[in-house]
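A quick write-up on the structure given underneath.
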Amino acid sequence: GTPKLTEDPIALPPGVNSQTFKNFILRVSEVVGEENITIITKPEDHSKDDYMDPSKVHDMFNILDEDYFISSAVVAPRNVKEVQALMKLFNEFEIPVWPFSIGRNVGYGGAGPRVRGSIGLDMGRNMNKVLKVDVDGAYALVEPGVTFQELHDYLVANNLRDKLWIDVPDLGGGSVLGNTIERGVGYTPYGDHFMMHCGMEVVLPDGSLIRTGMGALPPPNVDTSLPADEQPANECWQLFNYGFGPYNDGIFTQSSLGIVTKMGIWLMVNPGGYQSYLVTIPRDEDLHQAVEIIRPLRVAMVLQNVPTVRHVLMDAAVMGTRTKYSTSDKPLTDSEIDEIAKKLNLGRWNFYGALYGPAPIREAMWQVVKGAFSTIPGAKFYFPEDMPDNEVLQIRHNTLQGIPSFSELSWVDWLPNGGHLFFSPIAKVSGNDAMAQYQLTRRRSEEFGFDFIGTFVVGMREMHHIVCIVYNRKDPEQRRKAHKLISVLVDDAAKAGWGEYRTHLALMDQISGTYNFNDNAQMKLNEKIKNALDPKGILAPGKNGIWPKNYDAAAWRP
Ligand code: ADP
């Protein structure tokens, strides 16, 4: 091997000595080739910190020390058979593996593994094809490395964008497959990605391969001498989610039970017309009324997409750093925030939505939406052409029609060396709940010296309340405060009956502990399944708080 492959990593896998690691890497190189192995041996190997060129080896928006959530090595399989072969090796050597697709996963731990020294499995580097786009069925079948931007580009390049739209999250650089199995969301009518996925191919911890739903039923005359992953699939695999018998897809989301190698995703048929809009909502306390207006419209699907109610500082942060607005080092006061809103021509809350369909349909919907929001005194209504300088409205105009963007993340530059954590509790679509969550999260943020930056993302029947905790990641004291803040918020929220939908590596144990109905009955089930499918505990130990039996969970609390 090259000298590089025989060097010791910064972090060895737990309980593995240098010699065993070298033997293991040698065996891995026989599977994937040396060019697909990177050992992380020195600080320069974990120095990347740019969304556009992200780290594949650690959490670059680190909340703990930079080398806390770090891999020993990163391995990039070239195909499904190599993934299967690698699973055998991980079992043989009892070395933990942390799969990721692109590894951006911003705000939730990036490419970093939960267990320091795990092997990062870079599923996206070599397995990055759009395998199929079916226009009649309006779906795509993708490999792990396909980003939202790439799927969109594929539609454009093949003259399909007139027919089909994708749904994108705020940023276009993540993996369609990775985001979906983490249950991420976007903002078109197809915003709930997991709801819109259809069919998976999964390598289980023992290296065996399954296809879920209709994928379990082979099409006629399949050549079964082909490797399973190359066999043609059932034509309904991407058309009907459930197949026959228990529906397994859910156990491969936010999970440590399998490595997803292919996934179907439904695409939205071009609705034949589109209009995005902004409603500015002037006063802080108007949040209550706005949410009461939103609920009936959203469940009735008059609000057709996943709209957002954004706090003004989120928009202000996209449009400038904090120093542009204030010289104060204390959390901004109400009057300072009002001042910023005035300057930007925004409300304290800003509602971004869109209308879909031919003009008569949009006009009818708009009358209803506008009529409803007009009951808020001082609410104002804008289309993107009315506010060419409102960068956020221009970005949302693209995002809400599935055109990826890379600009939204600039709110992390609110502070110098900005890093961020997401605190993401689920809320009822009710004025009281929204106000209570807002007041709690703002009060706690300010207590720890942070501005409140947040948004309510309105799903079918609930809201993902996303609080962006922005801190200076080069300042250990700020990192400590941000970590403490989110931890306090998790407990506060649980006491109020609120739980988070997803979280950063450092909070997984705490949050899974709050989902503890009936003496942790759900966790006991999760552990039983984990230990049955992965008896050696090699796949993503600790992910979402689920520890295999050979780990002492308490010893791994960050
Ligand atoms: P992003 O799409 O934002 O770049 P990642 O690729 O980092 O996100 O994926 C986020 C998380 O989803 C990972 O940390 C991992 O837990 C899980 N994940 C991603 N891809 C896979 C996969 N192919 N198989 C199993 N789990 C995956």
Side-chain angles (χ1 to χ4, degrees), residues 48 51-61 69-71 74-77 79-80 82-84 86-87 90 96-115 118-129 142-151 168-186 193-194 197 200-205 209-210 212 229 249-263 265 404 406 408-409 422 501-506 508 533-534 538-546:
K48 287 192 178 175
Y51 182 85
M52 298 311 289
D53 178 22
S55 171
K56 304 282 176 175
V57 309
H58 80 305
D59 177 17
M60 62 186 199
F61 290 116
F69 292 119
I70 192 171
S71 299
V74 172
V75 172
N79 55 51
V80 176
E82 290 185 359
V83 178
Q84 295 180 271
L86 289 171
M87 294 315 279
F90 292 125
V97 51
W98 182 267
F100 60 85
S101 288
I102 295 294
R104 283 197 160 101
N105 202 25
V106 285
Y108 296 116
R114 176 65 186 82
V115 166
S118 296
I119 302 293
L121 196 68
D122 184 345
M123 292 296 296
R125 193 197 309 169
N126 301 312
M127 300 168 70
N128 52 19
K129 282 188 288 301
V142 294
E143 290 188 327
V146 177
T147 66
F148 290 95
Q149 181 70 53
E150 286 162 356
L151 184 55
V168 284
D170 292 292
L171 301 167
S175 149
V176 175
L177 186 156
N179 181 280
T180 302
I181 65 176
E182 284 295 286
R183 304 197 291 261
V185 298
H193 294 160
F194 183 60
H197 100 289
M200 292 175 171
E201 183 183 270
V202 188
V203 174
L204 299 181
L209 185 83
I210 65 160
T212 65
D229 66 293
D249 293 41
I251 66 169
F252 300 113
T253 66
Q254 294 193 0
S255 112
S256 53
L257 299 176
I259 298 182
V260 183
T261 51
K262 297 184 179 78
M263 187 195 72
I265 185 91
F406 289 89
E408 180 84 42
L409 188 64
F422 289 123
Y501 94 101
R502 183 179 180 188
T503 199
H504 187 276
L505 298 170
M508 285 177 173
L533 293 191
D534 183 9
I538 48 136
L539 182 55
K543 179 156 168 72
N544 285 71
I546 300 166

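The first residue in the sequence is number 1, and the count goes up from there. Whatever order the structure lists ligands and atoms in, that order sets their numbers, starting from 1.
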Students should be able to answer this: which protein heavy-atom is nearest to [atom], and at what distance?
atom: atom 1 (P) of ligand 1; answer: Asn105 N, 3.5 Å
atom: atom 12 (O) of ligand 1; answer: Glu182 CG, 3.2 Å
atom: atom 26 (N) of ligand 1; answer: Ile181 CD1, 3.5 Å
atom: atom 4 (O) of ligand 1; answer: Arg104 N, 2.7 Å
atom: atom 5 (P) of ligand 1; answer: Gly103 N, 3.4 Å
atom: atom 2 (O) of ligand 1; answer: Ser175 N, 2.6 Å
atom: atom 14 (O) of ligand 1; answer: Trp98 NE1, 3.5 Å
atom: atom 13 (C) of ligand 1; answer: Pro99 O, 3.7 Å

- Looking at Tyr501, does the NZ or CZ of Arg183 lie under 6.0 angstrom from its six-membered ring centre and within 45 degrees of the ring axis? no

- Just say parallel, tilted or perpendicular for the rings of Tyr108 and Phe422, cut-offs at 30° and 60°. tilted

At under 4.0 Å between heavy atoms, which part of [X] makes contact with ligand 1: side chain, backbone, both or neither?
X: Thr261; result: neither
X: Thr147; result: neither
X: Gln254; result: neither

- For Pro144, is at least one N or O under 3.5 Å away from an N or O on ligand 1?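 There is no such contact.
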
- Contact (N/O only, under 3.5 Å) between Val260 and ligand 1: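 Checking ligand 1 against Val260, an N or O pair does fall under 3.5 Å apart.
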
- Task: Any atoms of ligand 1 less than 4.0 Å from a non-hydrogen atom of Gly258? List them with their elements.
- Result: 25 (C)

